[in-house]
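Comments concern the structure below.
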Amino acid sequence: MDPLFAAVLCFDWIVFLWDSYLSSRQYRLYEQSTKVPDEVSKFMDQETFAKSRLYQLDKSNFGFWHGIFSQVAGLLSLFYGLPLFWHASGLLLNAAGVSPDREIVQACIFLVLTQLASMVLEEPWS
């Protein structure tokens with residue numbers, strides 16, 4: 001594995017783990033806060049605060065699972081998906097009778113394929 005690629009991959013995982021750590025701290029804060037803080041009690045009643053708190057807990061939980069899915073999907077995409085789509089775009093070029101030297105056309109087909117795959121993978125999360 002190329003050292004630069006490994007460094008970028010490690011940095012990506014460090015950022016993901018740091019973000020997950022910060023999100024878990026925020027989630028614990030949402031769990032512990034059951035009463036309206038005195039600073040905002042003039043602007044918000046207990047019922048609105050409770051609804052907001054439950055929404056934030058759900059949003060945080062959803063974000064945690066989406067983050068894990070995105071991180072793993074991105075890792076699998078780097079090692080398997082991108083080479084597969086590049087090869088598939090070359091096969092589509094050959095099937096259409098276009099010269100394999102046309103890398104710009106292959107890159108355009110590659111982009112369409114990767115965007116379609118990304119759209120399919122992200123649709124359940126939107």
Side-chain angles (χ1 to χ4, degrees):
M1 181 185 304
D2 182 38
L4 181 61
F5 181 74
V8 169
L9 200 57
C10 285
F11 179 75
D12 184 49
W13 275 93
I14 288 169
V15 169
F16 168 72
L17 292 173
W18 178 250
D19 188 45
S20 296
Y21 166 71
L22 292 177
S23 294
S24 71
R25 285 181 51 186
Q26 192 65 35
Y27 185 84
R28 283 194 302 269
L29 183 66
Y30 292 143
E31 281 185 320
Q32 294 169 357
S33 301
T34 57
K35 185 178 177 258
V36 179
D38 294 333
E39 294 85 7
V40 295
S41 62
K42 297 175 188 174
F43 310 108
M44 183 181 294
D45 61 356
Q46 182 62 36
E47 181 183 352
T48 305
F49 179 78
K51 287 179 184 178
S52 174
R53 178 183 164 270
L54 290 175
Y55 173 77
Q56 289 300 329
L57 284 169
D58 286 344
K59 182 178 169 186
S60 180
N61 190 30
F62 179 83
F64 170 75
W65 290 109
H66 182 248
I68 288 176
F69 176 82
S70 295
Q71 193 69 16
V72 171
L75 183 67
L76 291 174
S77 174
L78 281 174
F79 286 104
Y80 302 108
L82 297 180
L84 175 74
F85 286 132
W86 184 258
H87 181 69
S89 63
L91 292 176
L92 286 172
L93 273 180
N94 286 339
V98 179
S99 169
D101 298 341
R102 309 282 305 257
E103 287 185 359
I104 293 177
V105 177
Q106 185 175 359
C108 291
I109 294 171
F110 170 78
L111 286 174
V112 168
L113 292 176
T114 56
Q115 288 301 313
L116 285 173
S118 175
M119 186 175 63
V120 168
L121 287 175
E122 285 296 320
E123 185 62 30
W125 298 100
S126 62

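Remember, it's a predicted structure, so these values are computed and weren't measured experimentally. In this chain, residues are counted from 1 in sequence order.
For Phe5, the CZ atom counts as densely surrounded, since its 6.0 Å shell holds more than 12 non-hydrogen atoms of other residues, nucleotides or ligands. Summarising the local packing, CD1 of Ile104 is surrounded by 12 or fewer heavy atoms from other residues, nucleotides or ligands at distances under 6.0 Å. Residue Phe62 qualifies as enclosed at atom CZ: its count of foreign heavy atoms under 6.0 Å is above 12.
Between the CD atom in Glu31 and the CD atom in Gln56 there is a gap of 13.0 Å [rounded to 0.5 Å]. Interatomic distance, Phe43 CZ to Thr48 OG1, rounded to the nearest 0.5 Å: 14.0 Å. One distance of note links CG of Leu57 with OG of Ser52; it measures 9.5 Å at 0.5 Å rounding. Here the straight-line distance linking atom CD1 of Ile109 with atom CG of Leu91 works out to 10.5 Å at 0.5 Å rounding. If you take CE on Met44 and NZ on Lys51, they are separated by 12.0 Å, rounding to the nearest 0.5 Å. From Leu113, atom CG reaches atom CD of Gln106 across 10.0 Å, with rounding to the nearest 0.5 Å.
Leu4 and Leu78 fall into different hydrophobic clusters, where Ile, Leu, Val, Met, Phe, Trp and Tyr residues are linked whenever their side-chain heavy atoms come under 4.5 Å apart, directly or through other members. In the hydrophobic clustering of ILVMFWY residues, with side-chain heavy atoms under 4.5 Å counting as a link, Val72 and Phe79 come out together. In this structure, Trp65 is a member of the same hydrophobic cluster as Leu121, with clusters built from ILVMFWY side-chain heavy atoms closer than 4.5 Å.
Val98 pairs by the side chain to side chain contact (heavy atoms under 4.5 Å, CB included) definition with Leu93, Ala96, Arg102, not counting sequence neighbours. Taking Lys42 as the reference, nothing meets the salt bridge (charged side-chain N to carboxylate O under 4.0 Å, His left out) condition, with sequence neighbours excluded.
For the pair Tyr21/Leu17, no side-chain contact is recorded, criterion being any heavy-atom separation below 4.5 Å from C-beta on. Looking only at side-chain heavy atoms (C-beta outward), His66 and Glu122 come within less than 4.5 Å of each other. You'll find the side chain of Val36 stays beyond 4.5 Å of the side chain of Asp45, heavy atoms only. In this structure, Phe49 and Pro37 have side chains that are in contact, with non-hydrogen atoms separated by less than 4.5 Å. Contact annotation: the side chain of Gln115 never approaches that of Val112 to less than 4.5 Å [non-hydrogen atoms, C-beta and beyond]. Phe16 is not listed as a side-chain neighbour of Leu75, based on a closest heavy-atom distance of 4.5 Å or more.
With hydrogens and angles ignored, the 3.5 Å screen pairs no side-chain donor or acceptor of Ser118 with any backbone N or O of Thr114. In this structure, Ser23 contributes its side chain and Ser20 its backbone to no donor-acceptor pair below 3.5 Å. Listed for the Ser89 side chain is a donor-acceptor partner under 3.5 Å among the backbone atoms of Trp86. Put simply, the side chain of Gln46 gets close to the backbone of Thr34: a donor and an acceptor are under 3.5 Å apart.
The shortest non-hydrogen separation linking Ala6 to Met1 is CB-SD, 3.6 Å.
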side-chain contact (heavy atoms from CB on, under 4.5 Å) between Ile68 and Gln71: does it pass, once the steps are laid out?
CA-CA 5 Å; Ile68 288 176; Gln71 193 69 16; 5.8 Å; no
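Ring geometry, Trp125 versus Phe69: the interplanar angle falls from 30° to 60°, so the pair is classed tilted.
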